[in-house]
Amino acid sequence: MWSDIRLRFLSELAKRLHQYGTTTTRLEASVESLSHKLGIDTQIWSSPTGILLSFRDTHPEAPEQRVSEVLRLSPGETNLRRLVDTDEVADKVFRGRMSVADGYVSLRDIQPDSVKFKSTIAGFGFAAASIAAVLKARPTDIVAAALIGALTGILLIASKRHANLRPGLEALAAFLSTLLATLASAYIIPLSLPSVTLAAIVVFLPGLTLATAVSELSSQHLVAGVARFAGAMTILLKLTFGAVAGSEVAKVLQVPITPVPVSDSPVWVEGLALLCGALSYALLLRPHKRHRWVVMGAAVLGYTAARLGGEAFGPQFGVFFAGMVVAAASNLFARVKNKPSALVRTPGILLLVPGSVGFRTLFFVFEGQLQQGIDTGSALMVLLTTLVAGLLFGDLLVPPRRNL
């Protein structure tokens, strides 16, 4: 039965959607809807590290036997360019504008983008500068965070070329960021160490993964949600351990640490944060050039909605309101442009996801400040809940297009 090109096409589609960062909910729904269109009864079970597929031809004269396949996969990474390409192929097959055989060949021809040195370093630097500005850091702190963040981008590039670096990448990035920020603060110019360190490692924080995990749990994809949540917590543990180790090494080296008082940042800093964040997403999420303005506009939309909602009703409602606006806008965009809603949804919520709160929670626990850790952990769960609730309400306001 594997001679049936429909089965190979559906299997390849599931693998590509997983590889390019599609959530379990949408991946399974997309494969099932296209299977129905092609006359195949498909049972699919997806998790962050694999997919189980079982096919049966629904034609009356077809045999009752099923064909099953197990795909062992690494957790996917968001790649908006390849996700759009995959969606276009699937949409053409669904509408009958492309044969299943041609669709299978087209999917096989879609290859992951290689990591681009300049874009990656610039993306990491802009992302770090953005978060430092959001944290109301001073201009010197923003520059320091951007430089150290760019160095962590070099670590990521090195891990792509040397597989032995990948398991400890997050811990190494946090260790070097903390140590470098401490040395720079002691011997070059005083820095706000918590803000600079957190901003420098922001790309590694699994805030989006945490939000996706809670969303999957809310939609009853329990195994996928628990597995994704566990993976996110593991990354947070590695980041926290690296940061604590960097601080301890600085103490052993007797590096003088001078607390820097928090000062009000100029008004233009918030605009800088938004601009840097939008630029970083346009680079790191790797959309097509024609979609870069969509990605940047979505980031501005999410931040602005959170700001307005927070000023009117408080920070928790601000996150809820922003999630609702972004979800509704992403579904509307998908319906009008016939493109994946992820082009708007993913960059729109990246400034809202509470990865930094999770990092602070574990850092307090490692430092023995259990009460602060509990309080921060409670704030993490509130933010995750309000964000996911906002996304769900947004889907009710503007229902998603068909799952493809």
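Just so we're clear, the structure is a prediction, and the values are computed from it rather than from any experiment. Numbering starts at 1 and runs along the sequence shown.
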Tightest non-hydrogen contact, residues L191 and A184, listed as CD1-CB, 4.0 Å

### Task
Check step by step if side-chain contact (heavy atoms from CB on, under 4.5 Å) holds for D91 and R97.
CA-CA 8 Å; D91 185 71; R97 298 202 299 261; 3.7 Å; yes

For L80 and V295 the tightest heavy-atom approach is CD1-CG2, 3.8 Å

- Message: If we ignore hydrogens and angles and just use 3.5 Å, is the side chain of E216 paired with the main-chain N or O of T24 as donor and acceptor?
- Response: yes

> Do R16 and D85 sit within salt-bridge range, that is, some charged N less than 4.0 Å from a carboxylate O?
Replying inline: no

Exercise. Compare all side-chain heavy atoms of W45 with those of I51 and state whether any distance is below 4.5 angstrom.
Key: no

Tell me whether R56 contacts the main-chain N or O of I40 through its side chain, where contact means a donor paired with an acceptor under 3.5 Å.
no

(Q) Taking the ring of F204 and the ring of F124, is the distance between their centroids below 6.0 Å? (A) yes

Margin query: Run the side-chain contact (heavy atoms from CB on, under 4.5 Å) test on I44 and L27 for me, step by step, so that the C-alpha distance in whole Å, both residues' side-chain angles and the decisive distance to 0.1 Å come before the verdict.
Written below: CA-CA 9 Å; I44 179 172; L27 187 155; 3.6 Å; yes

For this session: Taking the side chain as every heavy atom from C-beta outward, state whether L198 and V202 have any pair of such atoms under 4.5 Å apart.
Result: no

Can you tell me if Q111 has over 12 outside heavy atoms packed within less than 6.0 Å of its CD? yes

*With a cut-off of 6.0 Å (strictly less than), are more than 12 heavy atoms of other residues, nucleotides or ligands near CZ of R161?*
no

Between S130 and L351 the two heavy atoms that sit nearest each other are OG-CD2, 4.0 Å

Distance under 6.0 Å and angle within 45° of the ring axis: does R8 meet both against Y104?
yes

| field | N/O donor-acceptor pair under 3.5 Å between H291 side chain and A282 backbone | value | no

**Request:** Could you tell me how the ring of F313 sits relative to the ring of F317: parallel (under 30°), tilted (30 to 60°) or perpendicular (over 60°)?
**Result:** perpendicular

**OP:** Check for a donor-acceptor pair, side chain of S33 on one end and backbone N or O of S30 on the other, with a separation under 3.5 Å.
**Re:** yes

S185 (side chain) donor-acceptor with P190 (main chain) under 3.5 angstrom: no

Hey, is the main chain of K160 close enough, under 3.5 Å, to the side chain of R166 for a donor-acceptor pair?
-> no

* Report yes if the side chains of T234 and E170 come closer than 4.5 Å at any heavy-atom pair, otherwise no. => no

Q.
side-chain contact (heavy atoms from CB on, under 4.5 Å), that's the test. Do S215 and T25 meet it? Break it down for me.
A. CA-CA 9 Å; S215 178; T25 305; 5.6 Å; no

Looking only at heavy atoms, the pair that brings T197 and T178 closest together is CG2-OG1, 3.2 Å

In terms of heavy-atom contacts, R292 and P287 come closest through CG-CG, 4.0 Å

- Query: Would you call L205 and L236 a side-chain contact if the rule is heavy atoms closer than 4.5 Å?
  - Reply: yes

Verdict with supporting geometry, Q43 and L52, side-chain contact (heavy atoms from CB on, under 4.5 Å) = CA-CA 8 Å; Q43 300 293 323; L52 299 178; over 6 Å; no

In terms of heavy-atom contacts, I121 and A150 come closest through CG2-CB, 3.6 Å

